[in-house]
Structure formats: C-alpha cells, structure tokens
There are 2 protein chains.
Amino acid sequence: MSRTTACTAQEGVGREVCTVLDVLGRVSGKWSLGVLSETLHGPVRFSALERSLAGISRRILTLTLRELEEDGLLVRTVHPTVPPRVEYAATDAARELYERLTGLADWARRHPEAAAAGRRPGGAGAR
Amino acid sequence: MSRTTACTAQEGVGREVCTVLDVLGRVSGKWSLGVLSETLHGPVRFSALERSLAGISRRILTLTLRELEEDGLLVRTVHPTVPPRVEYAATDAARELYERLTGLADWARRHPEAAAAGRRPGGAGAR
DNA sequence: CAGGATCCGCCACGATACTG
DNA sequence: CAGTATCGTGGCGGATCCTG
C-alpha cells in the first residue's frame, strides 16, 4: 500500500494543491473514513471493526489500518493475551482531520444544487 | 465517468461519513483539484488548462472538466467562433469547496508528525 | 482549437484459504 | 482472534489517432 506519497504529478500547480492532494491521499482508501469514524471515541477491536464496516474484507481492513497507523492517524495496541486482542484508536491528529473533513458535509448541505447534481435516476434516493 | 454517486458501500457507518465520501468523490479525480485551482479566478481556455496542468492528457482533461461541470463546480462557455474557443470557470460553490479543502493543508501544517509519516526514503523530496 | 473514439496497463480492492 | 498469502478483477488514467 502506502500511496505514492508526495505529489507524484502536478508540478505545474501551486504547492497548496499538492499538500491537499497529499492529505486526501491519506484518507482516500475506500474504507479509511469509515475506520476513522469508528475509532474516534476510544479503542476498538479488530473484529469489532470488521463487524461495523459490513462488507469489508479482512485483507483490506488490515491494509487500511496499517496505512492509517503509518500516517499517524491510528494507534495500534496489542494485548499479549490468548486469544490475541488488538485495539485501534484514532489519534488527536486524526480527530482534527476528521473534523475538517466533516466540514465538507456542511458544504454539501449549503449547496444542494451541486449535491443533487450527477445523480443517476435509477439508484439515488432509496437503497 | 460519473462516480458511483451516493454511498455505494458503507451502509454500516454514519450518514455523515457517507456525505463526506460523496463530496470527496467529486474531487477525487487525479487532476480535479488542479483544474479547480486554475479556474478559481476567472474563465480559462481549454488549451490554457492543458498547458498549466503539465502532463495531463486531452482525454482526461475533457473527462475531468465534464465531471466537474456535471457536479456544478464548473461553468462551460462556448464562443461560437472559428477556431472554437471554450472557457471554463469555477462556480461560487466550487470556490467555497476549494476553501474548505485548503483547510486540509492547514491541518498538515499543524501536524508535521503525521505529515512527515510514511515518506519513502528513496522517492520523496526530489524527483 | 477542442474535443471524440479506441486500445491498453496498472493498481486498488476483493474472494478465498491458511496460520500463530 | 487477528492476521498473512495468493490470485483474480474492474475501472481510472494514459497514449495515440481522428475530426468539426
């Protein structure tokens, strides 16, 4: 895993875009945000995450956790018991990042026009 | 193109995560942010974008522009002259979104530990 | 000049099986 | 329980050629 890290392309545009791209890369995994939201308020066990994030595979969950840990967004704690017990908790940095990300939801609420755009008639509303 | 739109997975997690995911999907294209940053301050021609975003292919630039337009982030203006002249400009919604996104850069500055994490010794700085 | 049409490679994600 | 190992796949991005 471990995204390309550091603006692999886009040398033409401003440095700020590059930084934003880098940050987005850290949470761009399909399940990264879900994992973060589940670990915001205290340690959560691997199996608990697997249950909350219905549909995720063990492999992807592991990779996602490793990436977030490597990025300093999660702390991994191993309790040397048997059976093993491993817990994951979001860091302060992760919580701040998460807050800013949810700010994007505010944007969506303030811009229904944009939010409604691009909806496929077949699969939008329900589900 | 046109991302899956509307949380295709992640029914388990909160609705807010879903909304954020949707918003991120709108700018997740490899060049979407670059295009936005170039069009923030007034109309820009297709060829101008192609020059600014060094390395982008015509096809991808077109697709990116179409997607952003469909999402209400860009306005496309065709001047019926010959040769044709097409200009793209960010909408107000896009500018607000862009501002919130650059807020993520602030986060990176406030968290050097996280920002520095995951750097591959071989391929970071230079290039 | 601003694209559309085609073909292709890569990589994130996924399914499944095995293990300390 | 909490992972690793292996294999397979869809879809985004890119290269290249053609056109109103």
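Just so we're on the same page: letters track the sequence lines, and every chain starts at 1.
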Quiz item: Between CH2 of A:W31 and OG of A:S57, what distance do you get to the nearest 0.5 Å?
Solution: 8.5 Å
Self-check item: Separation of C:dC1 P from B:R58 CZ (nearest whole Å)
Solution: 9 Å
Exercise. Please work out if A:R59 contacts a base, only the sugar-phosphate, or nothing of the nucleic acid, heavy-atom cut-off 4.0 Å.
Key: base
Quiz item: From B:R110 CZ over to B:D106 CG, what is the distance, rounded to the nearest 0.5 angstrom?
Solution: 9.0 Å
Quiz item: Rounded to the Å, how far apart are B:I60 CD1 and C:dC10 C1'?
Solution: 13 Å
Quiz item: Could you state the interatomic distance from CG (B:L74) to CG (B:L36), rounded to the nearest 0.5 Å?
Solution: 6.0 Å
Self-check item: Straight-line distance of B:L65 CG to B:R76 CZ, nearest 0.5 Å
Solution: 8.5 Å
Self-check item: Nearest-neighbour nucleotide for the B:S57 side chain, C:dG14, D:dG14, D:dG3 considered
Solution: D:dG14
Exercise. Rounded to the nearest angstrom, tell me the gap between atom CZ in B:R51 and atom P in C:dC1.
Key: 9 Å
Practice problem: Consider the side chain of A:K30, meaning its heavy atoms from C-beta on, and name the nucleotide among C:dC13, D:dT4, C:dG3 that approaches it most closely. | Solution: C:dC13
Quiz item: Axis-to-axis angle across the helix from C:dC1-D:dG20 to C:dG20-D:dC1, five pairs an end, to 10 degrees?
Solution: 50°
Self-check item: Gap between atoms CG and C1', on A:L21 and D:dG13 respectively (whole Å)
Solution: 14 Å
Quiz item: Rounded to whole angstroms, how far apart are CD on B:E67 and C1' on C:dG3?
Solution: 18 Å
Exercise. Please figure out whether A:P84 or B:R76 has its closest DNA chain C nucleotide nearer the 5' end.
Key: B:R76
Exercise. Name the nucleic acid region contacted by B:T62, choosing base, sugar-phosphate or nothing; use a 4.0 angstrom heavy-atom cut-off, strictly under.
Key: sugar-phosphate
Exercise. Measure from CG on B:L65 to P on C:dG3 and round the result to the nearest Å.
Key: 7 Å
Practice problem: Find the distance A:F46:CZ to D:dA2:C1' and express it as a whole number of Å. | Solution: 6 Å
